[in-house]
Amino acid sequence: MNLNVQFEVVLASLSFGVLFMILYDLFNLLLYRKKGKFSRLILEIIFMGTMTLFFFYIMLKIANANLNIFIPLFIFLGIAIYFFFLRNSFLSYYQYLYSKINLYIKRKKLSIRAKFDIIKMKKRKARIKKHEKNLKSKESKVS
């Protein structure tokens with residue numbers, strides 16, 4: 001393996017470690033409420049399998065999938081770089097996005113509920129009018 005290929009392997013492993021943890025933190029944020037659930041386990045297995053296949057494909061294109069000591073070492077180094085330097089900024093950005101999306105969804109729910117409330121009020125008013133009409137007709141029959 002020549003020096004250029006080794007540099008590409010090191011750089012790809014390092015960047016994959018960082019990318020993997022970015023996506024895993026996003027995955028955790030989306031499935032936070034499903035802790036201890038069987039569905040989360042299945043989704044995590046699918047996520048890990050997909051990321052493994054993605055990394056293997058990258059290594060296949062770069063170095064014909066030759067394994068050397070630099071690959072796991074630099075993946076773990078990329079994970080460590082993410083944890084020590086990048087995690088707080090990404091988590092705060094994820095929380096910002098999550099709150100904006102959550103606020104948007106709540107607004108949409110409120111607007112839909114408001115429309116249904118208008119329909120319910122119209123039905124309620126019609127029912128009250130019908131009831132009042134029936135009472136007036138009963139009063140006129142009695143008199």
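Predicted model only: the values in this text are computed from it and were never measured.
By the 6.0 Å contact criterion, CD1 on Ile42 is enclosed, its count of non-hydrogen atoms from other residues, nucleotides or ligands being greater than 12. Enclosure of atom CG in Asn88 is not indicated, since only 12 or fewer non-hydrogen atoms of other residues, nucleotides or ligands lie within 6.0 angstrom.
In the hydrophobic clustering of ILVMFWY residues, with side-chain heavy atoms under 4.5 Å counting as a link, Tyr98 and Leu86 come out together. A continuous path of Ile, Leu, Val, Met, Phe, Trp and Tyr side chains, each step under 4.5 Å between heavy atoms, connects Phe74 with Phe84, placing both in one hydrophobic cluster. Under the 4.5 Å side-chain heavy-atom criterion for ILVMFWY residues, no single connected hydrophobic cluster contains both Ile22 and Leu11. Residues Leu23 and Tyr82 share a single hydrophobic cluster, defined by chaining ILVMFWY side chains whose heavy atoms lie under 4.5 Å apart.
Ring orientation note: the planes of Tyr24 and Phe20 are close to parallel, at an angle under 30° on the 30°/60° scale.
Atoms CZ and CE, from Phe83 and Met21 in turn, are 3.5 Å apart once rounded to the nearest 0.5 Å. Distance CG/Leu26 to CG/Leu97: 9.0 Å, rounded to 0.5 Å.
Looking at heavy atoms from C-beta onward, Ile79 lies in side-chain contact with Phe76 at the 4.5 angstrom threshold. Considering only heavy atoms from C-beta on, Leu77 stays 4.5 Å or farther from Leu73 through its side chain. By the 4.5 Å heavy-atom criterion applied to side chains, Arg124 and Ile128 are counted as neighbours. A heavy-atom distance below 4.5 Å is not found between the side chains of Leu29 and Asp25.
Here the closest heavy-atom approach between residue Val18 and residue Gly78 is recorded as CG2-O, 3.3 Å. Here the closest non-hydrogen pair linking Met59 and Ile71 is SD-CD1, 3.8 Å.
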Open item on the list: Applying side chain to side chain contact (heavy atoms under 4.5 Å, CB included) to Asn28 and Glu44, what does each step give before you reach the verdict?
Closed with: CA-CA 9 Å; Asn28 266 342; Glu44 279 187 355; 4.2 Å; yes

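Although no hydrogens or angles enter the test, the distance criterion places no donor-acceptor pair under 3.5 Å between the side chain of Tyr94 and the main chain of Leu30. Side chain of Ser111 to backbone of Lys108: a donor-acceptor contact under 3.5 angstrom is found.
The residue from Asn66, Asn68, Leu14 that alone fulfils the side chain to side chain contact (heavy atoms under 4.5 Å, CB included) condition with Val9 is Asn68.
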Please tabulate, for side-chain N and O atoms in residues 45-57, each donor-acceptor pair with protein atoms closer than 3.5 Å (sequence neighbours left out).
{"unit_1": "Thr50", "atom_1": "OG1", "unit_2": "Ile46", "atom_2": "O", "d": "2.7"}
{"unit_1": "Thr52", "atom_1": "OG1", "unit_2": "Met48", "atom_2": "O", "d": "2.7"}

